[in-house]
Amino acid sequence: MLEAAIDLMRQSGLSGAGINNILKVSGGPKGSMYHHFPNGKDQIVGEAITIYAGRVQATIGAALDRGRTPGEKIRGLFDALARRMADGDFKRSCAVAAVTLDMDESAALHRPLLDGTLSAWIDEVACHLPAPSSARTRSFAGLVVSTVEGAYVRARAGGSARPLIEAGLWLSELAEQALGVDAEV
């Protein structure tokens, strides 16, 4: 059920991850849903986002680990995310962004989890980059995460990885300039 919730949120945000949709995709019985998730949709959404967030953070870390310079790290991250989008035939994007954009007042209780997730991803990017100043590095990491989310939207809309590839190229140049070509982590 959690995997179904993640997949549905990546496709259509919070509105697409209703209990009936989750049950249909997962094949699970309704009784099991309320047995494992007594607080209903809010609970399954929170748990699914937590699992998804950890997976994405690991993906970010692994992609950044492959590069030596700041530019190689950033380019590698965007290349990995472009492959991920293409592998999913551009039908899925970031569950955190999709849920955030789909959030209404009744779902606002997820705001701290979503904000904390994005902050953790920023921290993950920052810890893989040289830190001439921790504030500057974290600010740059925030730009990286913001750009990833925007590029996901454009990639999905256009059915092309090009926005992610182009963003990676530009940000890799900025990373080299802002954080030092010869710097290693």
Per-pair distances, 0.1 Å, donor-acceptor, side chain in residues 88-95, under 3.5 Å, sequence neighbours excluded:
unit_1	atom_1	unit_2	atom_2	d
Arg92	NE	Asp7	OD1	2.3
Arg92	NH2	Asp7	OD1	3.4
Arg92	NH2	Asp7	OD2	3.4

Would you say the side chain of [Y] lies within less than 4.5 Å of the side chain of [X], judging by non-hydrogen atoms?
| X | Y | answer |
| --- | --- | --- |
| Glu166 | Phe78 | no |
| Met103 | Leu109 | no |
| Leu174 | Ile74 | no |

Residue pairs passing the salt bridge (Lys or Arg N to Asp or Glu O under 4.0 Å) test where at least one lies in [range], sequence neighbours excluded:
| range | answer |
| --- | --- |
| residues 43-62 | Glu3-Arg55 |
| residues 107-128 | Asp123-Arg138 |
| residues 28-40 | none |

task: Could you list who else is in Leu169's hydrophobic cluster, with ILVMFWY side chains joined at under 4.5 Å, directly or through other members?
output: Ile165

field: Closest non-hydrogen atom pair between Met1 and Ser32, with its separation
entry: CE-CB, 3.5 Å

message: If the condition is side chain to side chain contact (heavy atoms under 4.5 Å, CB included), which residues does Leu113 pass it with, not counting sequence neighbours?
response: Ile49, Thr50, Thr117

Without swapping roles, check the side chain of [X] against the backbone of [Y] for a donor-acceptor pair under 3.5 Å.
| X | Y | answer |
| --- | --- | --- |
| Ser26 | Ile22 | yes |
| Trp121 | Ile60 | no |
| Lys41 | Leu14 | yes |
| Arg156 | Gln11 | yes |

